[in-house]
Number of protein chains: 2
Amino acid sequence: MSVAAPLRSRKAQIDGTATALFRAQGFAATSMRELALAVGLEAGSLYSHVRSKEEILHRVCFGLAEDFFAAFAAATTDDGQPVAQRLRQAIEAHVRVLTQDVAASTVFLHEWRHLSEPARTEFVTLRDRYEAGFRALVQQGTAAGELHCPDPAFAALTLLASLNWLPTWYRPDGKLTPDEVAHRLAEQLLGGLLFQ
Amino acid sequence: MSVAAPLRSRKAQIDGTATALFRAQGFAATSMRELALAVGLEAGSLYSHVRSKEEILHRVCFGLAEDFFAAFAAATTDDGQPVAQRLRQAIEAHVRVLTQDVAASTVFLHEWRHLSEPARTEFVTLRDRYEAGFRALVQQGTAAGELHCPDPAFAALTLLASLNWLPTWYRPDGKLTPDEVAHRLAEQLLGGLLFQ
DNA sequence: TAGGCTTGCTAACGCTCGTTAGCAAAAAAA
DNA sequence: TTTTTTTGCTAACGAGCGTTAGCAAGCCTA
């Protein structure tokens, strides 16, 4: 039995470090030698654990996509409640995934462009399907008279937009817990800023 | 008098083409040879018009920063009106700058990280100062009882966040004019989605 | 017409990139 | 114990990078 068993496998450690570097500098501006140094290996040694640089990006992007879909499904399957409530839960679920791993979220949101085909197209398709889920909720809510907006598709788009800038400013060590951030965001987006 | 005088100077053409490439692929993933090809020159010839690759990025980032400051100032100097109205105008002004040149906006929002010091720090300082302008508006509006939010700083942050995702989805040839987009966004963010 | 700036070319510089081959030690499996 | 797998190293590959030097042709000014 090894005395100091690694908490994470080397592969997971490489993925995590790469994610942090991709976030800070971008995929293209991060070299395998840089990654190796951060992990404590030589450049060539990385390839004992990882097939290529892009494979890491692929895993991060599609891994997070799964997280988003799972969270959305869990938040919206309860059909008993009003649509607005389910939308609120979907918002909070989205924020929770974002805050859970800010680095991975940033990579998911910005670095997927560096995937080569066909992964890139596959990713965009997933992304569109996820957005369609939000759009459907807003549409149902509007139809049911629970929400008011001139254009549900537009509203859904800008709603997600509001959430997806979060990784650029959110700090895990800030004074608000992830759940508080999620709640306030949902409150502000659904209720608006105007006093009424 | 030359028959086919260029509409833009070569330098402006290079800046514009580079901006489009930086937007589509990122600064680091765009090579000077690629840029030269897109402009119709050889790689070395670019340096007759441009000092370095980073100089282009610098011009784009700081140029747009000026645009944002100018638009914000013009939108908020009229002290006669209520704060909420001035905030609405600031939002619409921000959106107008974003939509005016989506490519440059995207570079401004994402690629500034590739500036080297001291330009990078200088840029971040400008960005912070701009955000502080919005924060002050929201704070004044809340103090005046025109806006209701638990945390003005948080609200200002997420307000700008909502706007800054726009370049990722906005299409100039879409069915909404820039002014309509600006108006709807302001409406939705200030009024919220909930029917009330 | 002469001089100097502007614009663009070709060729090359030193450097870094992602990745691979070949080998050695350690760890796990038999 | 022997064998196999895992992990890591060094060295190097071909390619692409940003940038520069040196030169030629075209243009404006005098």
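Just so we're on the same page: letters track the sequence lines, and every chain starts at 1.
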Practice prompt. Flag yes if more than 12 heavy atoms outside B/Q100 fall under 6.0 Å of its CD atom; otherwise flag no.
Written response: no
Worksheet item: Does the side chain of A/R10 pick up a donor-acceptor pair with the side chain of A/Q13 at under 3.5 Å?
Response: yes
Worksheet item: Taking only side-chain nitrogens and oxygens of A/R51, does any of them come within less than 4.0 Å of OP1 or OP2 of C/dT19?
Response: no
Worksheet item: For A/I56 and C/dT19, what is the distance between atoms CD1 and P respectively, to the nearest whole Å?
Response: 9 Å
Practice prompt. Using the test side-chain hydrogen bond (donor to acceptor under 3.5 Å, both in side chains), find all partners of B/R120 that sit at least two apart in sequence or belong to another chain.
Written response: none
Item to complete: List in numerical order all residues of residues 22-49 of chain B for which some heavy atom is under 4.0 Å away from an atom belonging to DNA chain D.
Response: B/T30, B/S31, B/M32, B/R33, B/G44, B/Y47
Worksheet item: Taking five pairs at each end of the helix from C/dG4-D/dC27 to C/dA30-D/dT1, what angle separates the two helix axes (nearest 10°)?
Response: 10°
Discussion item. What is the separation between atom NZ on B/K53 and atom P on C/dC15, rounded to the nearest whole Å?
Written reply: 19 Å
Practice prompt. Report yes if the side chains of B/Q81 and B/R88 come closer than 4.5 Å at any heavy-atom pair, otherwise no.
Written response: no
Practice prompt. Round to a whole Å and report the spacing from CD1 of B/I14 to P of D/dT19.
Written response: 13 Å
Item to complete: Using the test salt bridge (charged side-chain N to carboxylate O under 4.0 Å, His left out), find all partners of A/R33 that sit at least two apart in sequence or belong to another chain.
Response: none
Donor-acceptor list for residues 39-50 of chain B side chains, cut-off 3.5 Å, not counting sequence neighbours:
none

Worksheet entry | Pair B/R184 + B/E180: basic N to acidic O under 4.0 Å | no
Item to complete: Please name all residues satisfying side-chain contact (heavy atoms from CB on, under 4.5 Å) with B/N164, sequence neighbours left out, ordered by chain then number.
Response: A/W165, B/H94, B/L98, B/L109, B/L160
Worksheet entry | Under-4.0 Å side-chain N/O to phosphate OP1/OP2 contact, B/R10 with C/dT6 | no
Worksheet entry | Spacing of A/Q13 atom CD relative to D/dT7 atom C1', expressed in whole Å | 13 Å
